[in-house]
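In what follows, residues are counted from 1 in the order of the sequence shown. We count ligands from 1, going down the list as the structure has it; atoms in each ligand are counted the same way.
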Amino acid sequence: MSDPVSLVDITDFAESLAREAGELIQQEREQNTLRTDYKKQTELVTHADVMADEFITGAIRQRFPDHRILSEETMPDLSQAEELETPLWIVDPIDGTVNYAYGHPQVAVSIAYAEKGRVQAGVVHAPFPAEIFRATRGRGATLNGSSITHSGATVPRESLFATGFPYTKDDLEPLVKRLDAMIHQCRDLRRIGSAALDICWVACGRLDIYYENVSPWDFAAARLIALEAGATAGHFSDVPDGYPADLWGRDILISAPEIWEPIRAILRSASGYE
Ligand code: IPD
Ligand code: CA
Ligand code: CA
């Protein structure tokens, strides 16, 4: 029998894939003309999203043929998140595709590894500013090898928040209500354009709060990084019974610990949940 692979080995492997994918997407943007297309009529996708996805998922399949993979571009079957028996990799090859296509720097490769629905390892790599956020459960979180921690914010009024909006514009009203409540009760808003980076920025104190409705590949790795940096991660509505909370992306809220409850109350009230 082969030796068991430790979670640190798994995190190292994820980091090496994220670095290589990062080089690939950087090269594609700098040296080639991006070919763009639309998924579901509204979601922008470039040829580099697909190339990076194929590279990462191919390498995982080769090293861990028995593991399952959930990846945004080539294996987006969300029912995988509920299958708890075999380990699951969750991959977003480019988080921040719109930024990528517009030449902005806030673009990330996100790779998470979960066992029984609990994320155990996560890497978020922003190739343009050359930043690697990483965490292994129980071992803390780092940015380029140095330990990170949340901002320690204590008051919503003095807190900077980030959120995002879906590509489809047919149900924006509830999100605008939340935004209205937050912008009146917090310091200000940043719309970074990459959920994975929003959350990593909460992890390292560049932001105090992040909330949104997103897919597992957008947040799985970054959520562990935030938790390991001491931030609080949860939801402002209920997670369905039996669904792994680590992978449930509806009404997700991640913030410095002291403001988590007051912000949850603001978002619940603005959403008409109470
Ligand atoms: C998007 C980004 C964005 C968020 C969207 C996501 P993509 O991911 O994370 O910040 O607001 O909901 O879909 O499409 O760039 O991988
Ligand atoms: Ca994404
Ligand atoms: Ca993506």
Original post:
So do the side chains of I56 and S71 get within less than 4.5 Å of each other, counting heavy atoms only?
Top reply: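 When only atoms from C-beta onward are counted, S71 and I56 do not touch, as no gap falls below 4.5 Å.
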Original post:
Does the side chain of L17 reach to within under 4.5 Å of the side chain of F55, using non-hydrogen atoms?
Top reply: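 Answer yes - side chains close enough.
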Closest protein heavy atom to [atom], given as residue, atom name and distance to 0.1 Å:
{"atom": "atom 9 (O) of ligand 1", "value": "D95 OD1, 2.7 Å"}
{"atom": "atom 16 (O) of ligand 1", "value": "I94 O, 3.1 Å"}
{"atom": "atom 6 (C) of ligand 1", "value": "D218 OD1, 3.9 Å"}
{"atom": "atom 10 (O) of ligand 1", "value": "R191 NH1, 2.9 Å"}
{"atom": "atom 11 (O) of ligand 1", "value": "E212 OE2, 2.4 Å"}

**OP:** Among the N/O/S atoms of E72, select the one at the shortest distance from the Ca ion (ligand 3) and name it.
**Re:**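 Looking at E72, the N, O or S atom with the least distance to the Ca ion (ligand 3) is OE1.
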Original post:
So which of the N, O or S atoms of D92 lies nearest the Ca ion (ligand 3)?
Top reply: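 For D92, the N, O or S atom at the smallest distance from the Ca ion (ligand 3) is OD1.
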Original post:
Strictly under 3.0 Å, is any N, O or S atom of I94 next to the Ca ion (ligand 3)?
Top reply: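 Yes, I94 qualifies, because one of its backbone or side-chain N, O or S atoms lies under 3.0 Å.
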**OP:** Please report the shortest heavy-atom distance between E28 and L34, naming the atom on each side.
**Re:**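 Shortest heavy-atom separation between E28 and L34 comes out as O-CD2, 4.2 Å.
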Subject >> Exercise: identify the closest heavy-atom pair between V123 and E15 >> reply: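 V123 and E15 have their closest heavy atoms at CG2-N, 3.8 Å.
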Please work out, at 4.0 Å between heavy atoms, whether the side chain, the backbone, both, or neither of [X] comes within that distance of ligand 1.
{"X": "E72", "value": "side chain"}
{"X": "S194", "value": "backbone"}
{"X": "D92", "value": "side chain"}

Subject >> G164, any N or O under 3.5 Å of ligand 1 N or O >> reply: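 No; the residue has no nitrogen or oxygen that sits under 3.5 Å from a nitrogen or oxygen of the ligand.
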**OP:** For ligand 1, find out whether one of its N or O atoms is nearer than 3.5 Å to an N or O atom of D198.
**Re:**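 Between D198 and ligand 1, no N or O pair is found under 3.5 Å apart.
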**OP:** Run the numbers on Y100 and D49 for side chain to side chain donor-acceptor pair (under 3.5 Å), then give the verdict.
**Re:** CA-CA 10 Å; Y100 183 68; D49 292 73; over 6 Å; no
Subject >> Atom of D218 nearest the Ca ion (ligand 2) (restricted to N/O/S, atom name only) >> reply: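 Relative to the Ca ion (ligand 2), the closest nitrogen, oxygen or sulfur of D218 carries the name OD1.
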Original post:
Going by the atom numbers of ligand 1, which of them fall below 4.0 Å from some non-hydrogen atom of T97?
Top reply: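 This gives 15 (O) as the contact atoms.
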**OP:** Would you mind listing which atoms of ligand 1 come within a distance below 4.0 Å of any non-hydrogen atom of F165?
**Re:**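 Taking each heavy atom of F165 in turn, ligand 1 has 11 (O) under 4.0 Å.
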Subject >> ligand 1 contact by Y167, heavy-atom criterion under 4.0 angstrom >> reply: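 Flag set, Y167 near ligand 1.
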**OP:** Please verify whether a non-hydrogen atom of G96 lies at under 4.0 Å from ligand 1.
**Re:**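 For ligand 1, residue contact (heavy atoms, under 4.0 Å) with G96 is present.
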**OP:** Could you check K39 against E72 for salt bridge (charged side-chain N to carboxylate O under 4.0 Å, His left out), going step by step and ending with a plain yes or no?
**Re:** CA-CA 11 Å; K39 294 182 284 184; E72 183 175 13; 3.2 Å; yes
**OP:** Start with the C-alpha distance between F13 and I60, add both sets of side-chain angles, then the distance that settles side chain to side chain contact (heavy atoms under 4.5 Å, CB included), and finish with yes or no.
**Re:** CA-CA 9 Å; F13 176 60; I60 294 171; 4.2 Å; yes
Original post:
Going by the angle between their ring planes, with limits at 30° and 60°, are F236 and Y211 parallel, tilted or perpendicular?
Top reply: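 If you compare the ring of F236 with that of Y211, the planes turn out perpendicular.
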Original post:
Parallel under 30°, tilted from 30 to 60°, perpendicular over 60°: which one fits the rings of Y113 and H67?
Top reply: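 It falls in the tilted class, 30° to 60°.
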**OP:** Start with the C-alpha distance between L88 and E82, add both sets of side-chain angles, then the distance that settles side chain to side chain contact (heavy atoms under 4.5 Å, CB included), and finish with yes or no.
**Re:** CA-CA 10 Å; L88 176 69; E82 287 176 273; over 6 Å; no
Original post:
Does a salt bridge link D251 with R264, judged by any charged N lying under 4.0 Å from a carboxylate O?
Top reply: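 Answer for the salt bridge query: no.
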Original post:
With a cut-off of 3.0 Å, does any N, O or S atom of D95 fall short of it relative to the Ca ion (ligand 2)?
Top reply: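 Checking the Ca ion (ligand 2) against D95, an N, O or S atom does fall under 3.0 Å.
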Subject >> Hydrophobic cluster membership, V155 vs I183, 4.5 Å side-chain cutoff >> reply: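 Different clusters.
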